[in-house]
Amino acid sequence: MNINEVKDLMNQFDRSSLREFSWKNADGELGFSKNDGHSVAPVIEAPIRSVSAPIAAATPSEMVEKDAEISAPVSSKAEGEAVKSPLVGVVYLKPAPDKSEFVQVGDSVKKGQTLLIIEAMKVMNEIPAPKDGIITEIMVAAENVVEFGQELVRIK
């Protein structure tokens with residue numbers, strides 16, 4: 001994908017009603033988000049290959065427009081079994097905006113305890129802990145879209 005194609009995608013995304021968009025192929029992954037959160041959920045994938053000269057020559061202001069974020073893969077080093085998303089939706093780490101998070105790194109959890117909520121088609125789906133353990137990593141950010149099978153948290 002060249003820089004003009006990326007710019008075109010960004011313009012179309014900016015004019016659309018979509019809140020998030022991601023695209024990936026063998027060369028890498030590109031993601032845009034209009035969500036208010038300042039953090040980007042890490043994407044667990046293989047490292048991106050080197051970028052061709054036309055894209056590397058672009059300035060940051062050309063690459064990122066207002067409210068668009070581009071995410072890159074991050075490797076995970078935490079121990080434990082990953083809890084994967086059973087559906088596509090928006091993830092919430094708190095039961096309500098004014099409440100504290102369901103779990104934090106280092107918390108001890110019991111089997112069946114709610115780890116987070118995924119909203120899909122206006123239905124709030126609680127994601128339970130599959131076993132007793134300790135939370136070693138939270139791999140998603142609040143109010144980001146998660147995909148089916150995406151790793152959410154790790155329990156050791």
Side-chain angles (χ1 to χ4, degrees), residues 1 5-6 8-49 51 63-156:
M1 178 176 282
E5 292 171 321
V6 172
D8 184 49
L9 275 175
M10 289 171 60
N11 285 330
Q12 289 180 28
F13 174 74
D14 194 39
R15 291 189 309 262
S16 75
S17 63
L18 293 174
R19 299 299 303 155
E20 294 209 15
F21 171 79
S22 65
W23 177 83
K24 61 183 169 183
N25 67 7
D27 293 329
E29 181 171 334
L30 180 67
F32 303 116
S33 173
K34 293 179 187 176
N35 291 333
D36 292 333
H38 295 293
S39 61
V40 176
V43 178
I44 311 303
E45 296 285 333
I48 293 178
R49 289 191 242 169
V51 180
M63 291 296 294
V64 180
E65 291 183 358
K66 181 182 178 213
D67 294 330
E69 297 175 34
I70 298 176
S71 60
V74 176
S75 63
S76 174
K77 293 183 169 69
E79 295 180 4
E81 175 186 329
V83 176
K84 295 182 180 184
S85 177
L87 66 161
V88 175
V90 178
V91 67
Y92 295 99
L93 302 176
K94 300 176 181 182
D98 60 334
K99 304 288 184 188
S100 61
E101 295 178 346
F102 287 108
V103 293
Q104 295 179 353
V105 173
D107 285 356
S108 183
V109 295
K110 297 286 183 193
K111 181 177 180 176
Q113 179 179 339
T114 301
L115 301 173
L116 50 88
I117 293 174
I118 297 178
E119 177 187 5
M121 298 177 59
K122 304 292 182 198
V123 176
M124 299 297 184
N125 300 281
E126 293 183 355
I127 306 303
K131 65 178 187 174
D132 293 354
I134 296 174
I135 302 294
T136 59
E137 183 177 18
I138 298 175
M139 299 178 283
V140 292
E143 299 182 21
N144 279 3
V145 175
V146 293
E147 299 294 327
F148 174 80
Q150 180 177 338
E151 295 181 346
L152 303 169
V153 299
R154 285 194 184 279
I155 301 176
K156 179 172 109 172

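Positions are given from 1 along the sequence. Worth knowing before you read on, the calculation uses all heavy atoms, side chains too, and leaves out hydrogens, waters and symmetry mates.
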Taking every non-hydrogen atom, the tightest pair across [X] and [Y]:
{"X": "A141", "Y": "V91", "result": "O-CG1, 3.1 Å"}
{"X": "L116", "Y": "Y92", "result": "CB-O, 3.4 Å"}
{"X": "E147", "Y": "S85", "result": "O-CB, 3.3 Å"}
{"X": "A142", "Y": "L93", "result": "N-CD1, 3.8 Å"}
{"X": "V103", "Y": "I138", "result": "O-CD1, 3.5 Å"}

For this session: Can you measure from CD (E137) to NZ (K156) and round to the nearest 0.5 angstrom?
Result: 13.0 Å
Exercise. Among all residues two or more places apart in sequence or in another chain, which pass the side chain to side chain donor-acceptor pair (under 3.5 Å) test with K84?
Worked result: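 If we apply the side chain to side chain donor-acceptor pair (under 3.5 Å) test to K84, skipping adjacent residues, there are no hits.
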Problem set entry | side chain to side chain donor-acceptor pair (under 3.5 Å) involving Q113 - partner list, sequence neighbours excluded |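 Partners of Q113 under the side chain to side chain donor-acceptor pair (under 3.5 Å) test: none.
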For this session: Report the C-alpha distance between I134 and I155 in whole Å, list the side-chain angles of each, state the deciding distance to 0.1 Å, and finish with yes or no for side-chain contact (heavy atoms from CB on, under 4.5 Å).
Result: CA-CA 5 Å; I134 296 174; I155 301 176; over 6 Å; no
Exercise. According to the salt bridge (charged side-chain N to carboxylate O under 4.0 Å, His left out) rule, which pairs have a member within residues 114-132, sequence neighbours left out?
Worked result: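 For residues 114-132, and leaving out neighbouring residues, the salt bridge (charged side-chain N to carboxylate O under 4.0 Å, His left out) pairs sorted by first residue read E81-K131.
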Could you pull out all residues at least two apart from [X] that satisfy side chain to side chain contact (heavy atoms under 4.5 Å, CB included)?
{"X": "N125", "answer": "L87, A120, V123"}
{"X": "P86", "answer": "I118, I127"}
{"X": "Q12", "answer": "D8, R15"}

For this session: Answer yes or no: is there a side-chain heavy-atom contact under 4.5 Å between F148 and V88?
Result: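 Counting from C-beta outward, F148 and V88 do come under 4.5 Å.
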Problem set entry | Contact list for residues 95-111, test side chain to side chain donor-acceptor pair (under 3.5 Å), sequence neighbours left out | none
